[in-house]
Amino acid sequence: MLVFKFGGASVRDSYGVKNLLNIVNRFSDDLIIVVSAFGKITNALEEVLKLSLKETEECNSKFEALKTYHINIINDLFPDKRNLIYKEIEDEFSKLNTILFNEKYDSYDLKYDQVVSFGEIFSTKIVSAFLNTAQLSNKWIDIRKVFVTDETFREAKIDMRLTLNKAEDSFSFKNDKVYLTQGFIGGSKNGLVTTLGREGSDYTAAVLANLLNAEKVIVWKDVDGILNADPRYFNEAEKLDKISYQEAVELAYFGAKVIHPKTLKPLHNKNIPLCVRSFINPEGEGTEVDCFKQYDQDLPIYTLKKDQMLISLFPKDLSFVMEDELSKIFKYLSEHRIRVNLIQNSAISFSLCIDNANAKAKQLVERFKEDYKVLYNDQLELLTIRHYSDDAIKKVTKGRKIYIEQRSRHTSHFVIR
Ligand code: ASP
Ligand code: MG
C-alpha cells in the first residue's frame, strides 16, 4: 500500500485536479491519497476569519470570492450540473457561513480550527467526486473522525493509540482499493475539529503510513525532488537522488521548505521510505529518503534561514556566564516558545541567533536588558552548509559580512549579512 500526498500547489485549479487523476492512474497499488486545501485557500480562510472578527463588510466579499474559486473549479470538472457535488459544496459553504458569522467561540484558536479546516473538506470532496466520475473509484474518508487529537487548537497532538484502531477500520482495504482523505486536520474526543499546524499535510501522510505500515509515501511537489539548495537563493541547485532520514531532518530544520520537519519521525520509526517527486514531471525519479546514509555526502547541501536576529548578552558586572544564568535564559526561551537556531558562548558573553519574524524577538531583547548588557543585529541570515568544502564556503559567503562562524565535522554555520 502506498500513501500519496498532494499539496495546495498541485491542486490549485481544475487542471491540477486532472493532473492528479493522471498521476494516480499510473499506479495500480492500493492507495491512500492525502490532499491539502486548493492553492492558497488556507491563507484565504485565515483572512476571512480575521475579517469576520472585525465585522467588516470586506468579509462578505472575501467569503464570496472563496466560494467562487471553488465553484469555478467544479464547473470545469463536472459538466453534468446534476452531479451531487454541487449541492455538497453548497452545504459545506453554508456550514462555514454559520460558523463564521453566527456562532460564538471562547477562543480565537478554537474558532480558527473550525473555520480553516474547511479548505481540506472542500478540496477532498471535489477531488474524490471527480475521480469517481472518471472511473477511478475511491472512498472519501473524514479524517476528523479518525485522527483523535488533544485540544491544543492550531497545533493539535495526535493520540496514536486511539487513532490506530480507527485508522485500521476506516482504511481496511476490504472493499476499496483507493481512499481519499484530508491532510492537516483531525478531531478531538469532544467532537471539535482541530488542525495539526500549518503545512501539516505531509505529516498526516506520514502518520497514516506509520499506523497502516505503508510501503512508501510519495509527496508530489512542484520541484523535481529535494534539491541541495533553494534555487531562489542559490545558483546551480542540484537534485539529491537519495538521502537519509537524518540528513533530511537536518535540511528541514535549517530551512529547506520541501518537507515539513515533523514528517520524518513517523516514517523513520517504521523504516518507510519517503519519495519527493514532481507532479509536473511525474516520470522523474525524484528523491528518496530512507535509512541508508551512503549517499549523504555526495553533494554539499546549502540551506538559508532569512530574517534572523543575533543577540549577544554580557553580564553587567563582567561575571562569567554560568550554568544557572544559561538555565534562566533557556527557561525564558522555552516558556515563550522561541526557537534558537544557533548559540555561541565565551567566558563573558552568550550569543543566540533566533527567528526575528515576530514581536517576541523584540520583547526578548527588552527582557534581557533587565539583567544584561545587550547587543543585537537583525535582518541577518543563517547559512548552513552540510558536507562543506572550503570551495563551497567561499562560493556562498563571498562579499558577505560574517558575524559568527561555526564548523563541526559535517556542518558549518554562518550568521551573515
Ligand atoms: N492546507 C494547509 C496549509 O496550507 C496544510 C498543508 O498544505 O499542508 O497549511
Ligand atoms: Mg496548503
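Both ligands and their constituent atoms are indexed starting at 1 by order of listing.
Side-chain contact annotation: Asn356 with Gln308, donor-acceptor N/O pair under 3.5 Å absent.
Counting heavy-atom neighbours within 6.0 Å of Phe292 CZ, excluding the residue itself, gives a total of 12 or less.
Heavy-atom proximity to Arg198, at under 4.0 Å, picks out these atoms of ligand 1: 3 (C), 4 (O), 9 (O). For ligand 1, the atoms closer than 4.0 angstrom to any heavy atom of Thr42 are 1 (N), 2 (C), 3 (C), 4 (O).
By the 30° and 60° cut-offs, the orientation of the rings of His336 relative to Tyr332 is parallel. A tilted orientation is assigned to the rings of Tyr69 and Phe38, their planes being inclined by 30° to 60°.
The distance criterion of under 3.5 Å between nitrogen or oxygen atoms is not met by Asp202 with respect to ligand 1. The N/O atoms of Lys5, backbone and side chain alike, include none that comes under 3.5 Å of an N/O atom in ligand 1.
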Go through the steps to decide whether Glu46 and Lys50 satisfy the test salt bridge (Lys or Arg N to Asp or Glu O under 4.0 Å), and finish with yes or no. CA-CA 6 Å; Glu46 285 182 345; Lys50 287 211 179 100; 5.3 Å; no
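Not a single donor-acceptor pair under 3.5 Å links the side chain of Asp355 to the backbone N or O of Arg339.
Heavy atoms of Ser36 found under 4.0 angstrom from ligand 1 belong exclusively to the side chain.
Gly200 counts as a contact of ligand 1, since one of its heavy atoms falls under 4.0 Å from the ligand. Lys40 does not count as a contact of ligand 1, since none of its heavy atoms falls under 4.0 Å from the ligand.
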